[in-house]
Amino acid sequence: MKFFLYKLVPPRPNFIADISTDETRLMHEHGLYWRELMGQGMVVAFGPVADPKGGYGIAILRLGDGVDPQPLAAGDPAIEAGAGFAFEVHPMPQVVLPDDD
């Protein structure tokens with residue numbers, strides 16, 4: 001297994017505070033997408049981060065060896081919508097899980 005940090009960068013720093021109705025619907029689709037991947041065992045956790053410099057979203061991906069995280073990230077409805085979101089994916093070389101001894 002390999003782990004990755006996915007970061008969803010919103011179109012503006014104050015996105016969480018002034019989200020529009022259309023953006024709310026898009027975030028609902030975004031959440032359903034990541035929840036589906038979680039149900040498939042590919043996502044450990046996901047959610048928004050309330051950074052005072054500007055909020056963003058994250059997901060911790062748990063993927064089998066050889067599985068490329070880029071298509072999963074690019075398939076996020078927030079990215080596919082072309083609504084100004086961007087993403088970053090970073091490998092996590094060491095991960096500690098609750099059941100690790």
Straight-line distance of His28 NE2 to Arg35 CZ, nearest 0.5 Å: 10.0 Å

How long is the gap from CG on Leu5 to NE2 on His90, to the nearest 0.5 Å? 6.0 Å

When rounded to the nearest 0.5 angstrom, what distance separates CZ in Phe4 from CD in Glu88? 15.0 Å

Starting at CD1 of Ile58, measure out to CD1 of Ile60 and round the result to the nearest 0.5 Å. 4.5 Å

For Pro77 and Leu26, which heavy atoms make the closest approach, and how far apart are they? O-CD1, 3.5 Å

Taking every non-hydrogen atom, the tightest pair across Ala86 and Ile79: C-CD1, 3.7 Å

Are the side chains of Met42 and Leu61 in touch, meaning some heavy atoms are under 4.5 Å apart? no

Do Val44 and Tyr6 sit in the same hydrophobic cluster, where Ile, Leu, Val, Met, Phe, Trp and Tyr count as joined when their side-chain heavy atoms come under 4.5 Å apart? no

Would a hydrophobic clustering, with Ile, Leu, Val, Met, Phe, Trp and Tyr connected at side-chain separations under 4.5 Å, put Val67 with Leu37? yes

Tightest non-hydrogen contact, residues Ala73 and Val89, listed as CB-CG2, 3.7 Å

Residue pair Pro10 / Gly55: nearest heavy atoms and the distance that separates them: CG-O, 3.2 Å

Count I, L, V, M, F, W, Y as connected when their side-chain heavy atoms are under 4.5 Å apart, and connections chain through other members. Are Leu8 and Met38 then in the same cluster? yes

In Å, rounded to the nearest 0.5 Å, how long is the span from OH of Tyr33 to CD of Glu29? 12.5 Å

For the ring pair Tyr56 and Phe85, is the centre-to-centre distance below 6.0 Å? no

Least distance between heavy atoms, Asp65 atom then Lys2 atom: OD1-CG, 3.6 Å

Check whether Glu23 reaches the backbone of Ser20 with its side chain - one donor and one acceptor, N or O, closer than 3.5 Å. yes

Met1-Leu63 co-clustered via ILVMFWY side chain contacts under 4.5 Å: no

Show the nearest heavy-atom pair for residues Gly31 and Phe46, with the distance to one decimal. O-CZ, 3.7 Å

How far does CE of Met92 sit from CZ of Arg62, to the nearest 0.5 angstrom? 12.0 Å

